[in-house]
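Okay, structure first, notes after.
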Amino acid sequence: MVLARRVKDAKDYFLAGRSLAWWVIGLSIIGTNVSAEGYVGASGSSYQLGIAQANFEWIGAIPAMIIASLIFIPVYWKAGVYSIPEYLGKRYNQTVRVLAASITSIFSVFAVAIAMWAIATTLQTFLGWDTWIGIMVTGTVVGLYSITGGLAAVAFTDALQVVIMFIGGLFIVYLGINDAGGLSAFGDALTAQNPTHLQAYLPAEHDSFPWPAVILGLGFVLSPAYWCGSQVILQRTLGARTQWDASAAMMFAALAKTCVPLLIVFPGLLALVMMADIAAPDMALPWVIKNVLPPGLSGLMFVAVIAALQSTLDSILNSTSLLITRDIRGVLSKQHDPDKDLRIGRAISLIILLLGMAVAPVVESAGGIYQFIQMLLSLFQGPMLALLIMGILTRHASPIAGTIVLVTGITLSFVLTTFSINMLWVAFISFIYSMFGLWLFSYFFPNPLKDNSEELDRLVFARA
Amino acid sequence: MLDPYYEWLSSLPTPWANTITMVMFVVLLIILWSFPKDRIYGDAPDRALWRDLRLWGTLLIVLQLGIYTLFR
C-alpha cells in the first residue's frame, strides 16, 4: 500500500519509476521464474525423470542468463523501451510489435490460469479447499497488491517470497537427507530402483527428454528465447536504476538459479526415496512439505510455496497489462493518450486476472503443468528468438522480413506440433528456419535504414 | 524425411552430453573474458572489483562445470 501511493504515472506502474536495485530485481526474477514453471510441476517431473529435470535450471538457463546480462539487457536498457515488443517495433516495425505483444498476451492468460491452478492444487492438498475457493482467494490477494502497487510492489513482494522460499527449501534438503541416513544413503536409495535418476542427461532415445534435443532445443532455443526475450522476466530489468544494475541483476539471478534445483527438483527425488503414496507426480512437493517438515516449518514452507506461486501471477499481470496498454492499444488506437495508460493498465490487469480465473479449472485436463506450458512456449519461441538475435546482432535484418518470418515461423511450429514431434525439436527446427528465413528475406526486402541511421545504431549490440 | 536424422541422433551415447555441455561452458567463459572492461562496468557508479560482472560469470561457469562433472 505504501508503494501504491508512490505510483503516479505509467512509468511508476510498469517500470517502478526506473528505481530498482540489482538485488531486488535478481530475487524478483527468480521468484517470477520459479513460481510459474517450478515448484509443483518440476517436482512432479523430477519424481518421474530424476535430476535430468534440473537441466531446465542449469544448461537450460545459465548460459542464456549470462548472454542476456552482457548483450541483450544493455541494448534494451539503452533503447529506453518499456517492453521487448516495443524494442521489436523500433527495430522492425509496428506490425511485428503488435503481433509479438498479442501472442505473448494470449500465452499469458494461459500462464495466469496455470499458476492459479497450481496454487489451488496446493491449497487443496494442505487445507482441503475446493479448487474454486483457492482460485477466488488467490485472485483477490494477488489482485489487491499488484493492481494497486505496480512493478515496485511486485518486485519487492517477490524478493521477500524468494528469501522465505530458500529458507524453507534448504530445511527440506537438510531434513530429507538426514531422514535418509546421509547423502550417500540418499543416493543409493534413489538409484536402487531408478538407475538414471542421478544422471544429468537421459539417453538420446528417451521419449520426453532425449539429450540432443535438450541441448539443441532447450539450451540453444527455448532457454535463450525465455531469458533474452521474455517480457515477464525482463520487465524488471528495464526498471533498474542503472544499466549496470540491470545486467548485474541477471547475473545475480543466475547464481540463485543454480541453487533452485535444491528447492524444486530435490523434493521430487525425496518423495521417491521416501516411497510417497501419491496419486500423481505433481503431488510430490505438497506431500514432502506435509510429511518431512515439522509442523511450524511446514506452515512456513506452505506459505512460501503459495507466495512463490503468487509471484508468477503478479508479474504476468503487470507485464501483460503493459503489453496490451502500450504495445497493442497504444499502437492500434488512433486517439492514444499516454496520460491515461495508468488507469487503463490497472483495468486491463483486472480483466486478465478474471480471465485467468475463468480458464484455471480447465487446466486440470491438460496433463502435467510444466510440460503444458513448455508446449505452448515452443510454438513461438523459435521465431521470436531469431528476430531478437538478428535484430540485436546485425543491421541486415529488415522490417518486412521480420513480419514474414514471425508469421510463417509460428505456422511452421504449429504444423510440426500436429505431427507429434517433440516440443524441443519443434523449437529448434522453427528457430533454424527463422534465422535462415530472416537472412534470406532481408536480401529480397532490404533494410532501408541499414547503412545510415543513428536510430539503428542504438538498437544493435555492436554500436550500443 | 527427418527419420534418418532422428535415428542418428538417437544413437549418440549419453556421456557425450556432459562432455558437450562442459565444452560449451568453457567456450562461454572465453567469450565472457573477451568483453572489454568498459562494456562490463557500463554506467556503474564506481569501478570496484566486485562490480566486474566477468567475475560473477566465471563463478557461475565454474559451478556448472562442477555440476556436470558430478552428475555424469
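By convention in this document, chain letters (A, B, ...) are assigned in the order of the sequence lines, proteins followed by strands, and residues within each chain are numbered from 1.
- Enclosure of atom CH2 in A:W23 is not indicated, since only 12 or fewer non-hydrogen atoms of other residues, nucleotides or ligands lie within 6.0 angstrom.
- Side-chain contact check for B:L53 versus A:S69: some heavy-atom pair is nearer than 4.5 Å.
- Screening residues 49-66 of chain B for salt bridge (Lys or Arg N to Asp or Glu O under 4.0 Å), with sequence neighbours left out, gives B:D46-B:R51, B:D52-B:R54.
- Here the side chains of A:N55 and B:Y68 are in contact, with some heavy-atom distance below 4.5 Å.
- When each of B:P45, B:P15, B:P13, B:S11 is checked for heavy-atom pairs under 4.5 Å with chain A, B:P13 comes out on top.
- Chain B forms more heavy-atom pairs under 4.5 Å with one residue of A:D245, A:I67, A:I51, A:V214 than with any other, namely A:I51.
- Shown here for A:W244 and B:A44, the closest heavy-atom pair between the two residues is CG-CB, 3.6 Å.
- When every heavy atom of B:T21 is checked against every heavy atom of A:I215, the shortest pair comes out as OG1-CD1, 3.9 Å.
- In this structure, the side chain of B:D43 engages the main chain of A:Q243 through a donor-acceptor pair within 3.5 Å.
- Your options are A:A248, A:G219, A:S247, and the one with the most heavy-atom pairs under 4.5 Å with chain B is A:A248.
- In this structure, A:W22 and B:W50 have tilted ring planes: the angle between them lies in the 30° to 60° band.
- Side-chain contact between A:I59 and B:F25 is present, with at least one heavy-atom pair separated by less than 4.5 Å.
- Within residues 196-207 of chain A, the residues approaching chain B closer than 4.5 Å by heavy atoms are, in numerical order, A:L198, A:Q199, A:A200, A:Y201, A:L202, A:P203, A:A204, A:E205.
- Between B:I61 and A:I62 there is no side-chain heavy-atom pair separated by less than 4.5 Å.
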